[in-house]
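This is a predicted model, so every value here is computed, not measured. Letters A, B, ... are given to chains in the order of the sequence lines, protein chains preceding strands, and every chain is numbered from 1.
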Number of protein chains: 2
Amino acid sequence: MSGHGHIPDATVARLGLYLRSLEAIDGTGGCKVSSYHLADLAGVNAAKVRKDLSYLGSHGTRGVGYELDYLKFEISRALGLGSVWPVVVCGIGNLGRALAGHDGFRDAGFPVVAAMDSDPVKVGSVIDGVPVYAPIELAEVVANHRVAIAVIATPASAAQSVVDNLVSAGLRSIMSFVGTVVNVPDGVELRAVDLTTELQILGFHLHRDSS
Amino acid sequence: MSGHGHIPDATVARLGLYLRSLEAIDGTGGCKVSSYHLADLAGVNAAKVRKDLSYLGSHGTRGVGYELDYLKFEISRALGLGSVWPVVVCGIGNLGRALAGHDGFRDAGFPVVAAMDSDPVKVGSVIDGVPVYAPIELAEVVANHRVAIAVIATPASAAQSVVDNLVSAGLRSIMSFVGTVVNVPDGVELRAVDLTTELQILGFHLHRDSS
DNA sequence: GAGAGCTTGTGAACATGTGAACAAGTTTCT
DNA sequence: AGAAACTTGTTCACATGTTCACAAGCTCTC
């Protein structure tokens, strides 16, 4: 068994971490990695590593471990890497500008190919190699660059209408840095990264520990 | 019962969202809010809202709902807001600069009071009102500004040593934007915000849906 | 005051995630 | 070959999180 059935969300969220951890190993030819070694690099429990990898149908060798190169290949394939998913960044404020120029995205196979902003002064400019377009051009930009993913870094007030536009343009994967709730129809995946919430969680524990 | 016992992590993570959702309501005097209304605003299940709020010892009124102002007060208190927790940003690259100037942090009670960078050219400058210090000055900066939280936006290669410095300086709450694993001793809370992983999760679902 | 119509708070069922433990298989050493 | 030392894959028990369902309680109307 252990075929290519359904992979749990918690596992998917860790696969990228495993992959990056594995790339930190000097990968000579048929090098082997144990679940304990990988667990140590990734900062998780070894049993969890084995269970996660078993969902890939990945067959390590008992008494030996996992073959480094093959394991990297399998994780990459499971995550759909190898494909390149072009990204558009909406909202070129403080944060949007940083995200547009963030090399880590390109390196991971998510090149930022375009940015959108409603400010006419910014439209037409090029920021960190990324051209800025007006919102009206969205559908065209998505089609021309085969954009697969949108990143929203607009002010909260504009977020919902921007998301509606993105969905209209056919995008189905959105990463939001806006702290407010935005609604998307079924079939569209929205991942919210909420920096304020993260800080508030830290603040909560500081508060608890100091009282 | 429902006293001030232990509040589950999942609940803590949602309290800030509830608070921001409530602030979107025109809060006239003794205005009442039902769990269904708040659930709609926050995009979650109404039963979850009620259970979350019950952990606060918050007593709504059956048949009526929660009193808006009092509920906001209670959530704020539970989260330890009202206190102000000064933040230091480490690493003034693309992302660090954006975070240092991010108004949302200050507005939520987490003012960025200082930044650290190892580049001598940046040290001594002021970015978006935030002064940049050298790593050697960390302990002094932490003491002078009563820094409670650190945000790490350095290159991956520097992250571990920066974190070690922060811990030595007495900081116990760290938010990391670095994609690699960093180790912290017991008693230090590290929250990792991994943008690459988020994109890879979106990519995973795109890949699954298109195959 | 009795009853209808709400809404809260919580018990219980279900779903998901975690980690210890161990059988089964591989390698190494003698 | 046999024993010892490893490591994987999987099962099981437990912890956490989610959602339904409903009793208990409040308000309003008649």
Side-chain angles (χ1 to χ4, degrees), chain A residues 1-18 22 25 30-68 70-72 74-75 78 192 197 201 204-205, chain B residues 1-18 22 25 30-68 70-72 74-75 78 192 197 201 204-205:
Chain A
M1 67 144 289
S2 285
H4 294 200
H6 181 249
I7 303 182
D9 289 345
T11 294
V12 174
R14 280 187 295 265
L15 288 178
L17 173 63
Y18 295 158
L22 290 171
I25 301 175
C31 183
K32 297 293 193 302
V33 188
S34 75
S35 61
Y36 296 92
H37 186 183
L38 178 50
D40 187 49
L41 290 173
V44 302
N45 181 289
K48 203 186 293 188
V49 169
R50 292 197 296 276
K51 186 166 291 193
D52 285 341
L53 295 182
S54 77
Y55 288 117
L56 305 186
S58 161
H59 283 264
T61 313
R62 297 181 182 203
V64 180
Y66 301 89
E67 207 245 308
L68 179 62
Y70 185 60
L71 185 54
K72 287 199 273 192
E74 269 195 299
I75 295 175
T197 291
I201 293 171
F204 170 78
H205 288 117
Chain B
M1 66 143 287
S2 286
H4 294 199
H6 182 247
I7 302 182
D9 289 345
T11 294
V12 173
R14 280 187 295 265
L15 289 178
L17 174 63
Y18 295 158
L22 291 171
I25 301 175
C31 183
K32 297 294 194 300
V33 188
S34 75
S35 59
Y36 298 92
H37 187 184
L38 177 51
D40 187 49
L41 290 173
V44 302
N45 181 289
K48 201 187 292 189
V49 169
R50 292 197 296 276
K51 188 159 286 197
D52 284 342
L53 295 182
S54 77
Y55 288 116
L56 305 186
S58 161
H59 283 264
T61 313
R62 297 180 180 200
V64 179
Y66 302 88
E67 208 244 308
L68 179 61
Y70 185 59
L71 184 56
K72 286 199 275 194
E74 269 196 299
I75 295 176
T197 291
I201 293 171
F204 170 77
H205 287 117

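A distance of 8.5 Å separates OG1 in B/Thr11 from CG in B/Leu56, rounded to the nearest 0.5 Å. Rounded to the nearest 0.5 Å, atoms OH (B/Tyr18) and NZ (B/Lys48) are 7.0 Å apart. The CZ atom of B/Phe204 sits 7.5 Å away from the CG atom of A/Leu15 when rounded to the nearest 0.5 Å. Note that CZ of A/Arg14 and CG of A/Asp9 are 10.5 Å apart. Values are rounded to the nearest 0.5 Å.
The CG atom of B/Leu15 sits 13 Å away from the P atom of D/dG17 (whole-angstrom rounding). Rounded to whole Å, atom C1' of C/dT7 lies 14 Å from atom CG of B/Leu71. Computed from coordinates, the B/Glu74 CD to C/dT8 C1' distance equals 14 Å when rounded to whole Å. Look at CD on A/Glu67: it is 16 Å from C1' on D/dT7, rounded to the nearest Å. Atom CG of A/Leu53 and atom P of D/dT10 are 12 Å apart (whole Å). If you take NE2 of B/His59 and P of C/dG9, they are 7 Å apart, rounded to a whole angstrom.
Residues from residues 33-42 of chain A placing a heavy atom under 4.0 Å of any atom in DNA chain D, listed by number, are A/Val33, A/Ser34, A/Ser35, A/Tyr36.
The side chain of A/Tyr66 places no N or O atom within less than 4.0 Å of a non-bridging phosphate oxygen (OP1 or OP2) of C/dT26.
Shown are B/Leu41, B/Leu38, B/Val49; of these, the side-chain contact (heavy atoms from CB on, under 4.5 Å) with B/Val33 is made only by B/Leu38.
Listed by chain and number, the residues in a side chain to side chain donor-acceptor pair (under 3.5 Å) with A/Ser34 amount to none (sequence neighbours excluded). In this structure B/Ser35 satisfies the side chain to side chain donor-acceptor pair (under 3.5 Å) test together with B/Arg50, sequence neighbours excluded.
For residues 36-46 of chain A, no residue pair satisfies the side-chain hydrogen bond (donor to acceptor under 3.5 Å, both in side chains) rule, not counting sequence neighbours.
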(request) Summarise protein proximity over nucleotides 24-30 of chain D in one line of letters, 5' to 3': B for base, S for sugar-phosphate only, - for none, counting protein heavy atoms closer than 4.0 Å. (result) BBBS---

(message) Return a single string for nucleotides 12-21 of chain C, one symbol per nucleotide in 5' to 3' order, where B is base contact, S is sugar-phosphate-only contact and - is none, cutoff 4.0 angstrom on heavy atoms.
(response) B----SBBBB

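Shortest non-hydrogen contact noted between B/Leu71 and B/Tyr66 is CD2-CB, 3.7 Å.
By the 4.5 Å heavy-atom criterion applied to side chains, B/Ile75 and B/Leu22 are counted as neighbours. A/Val44 is not listed as a side-chain neighbour of A/Asp52, based on a closest heavy-atom distance of 4.5 Å or more.
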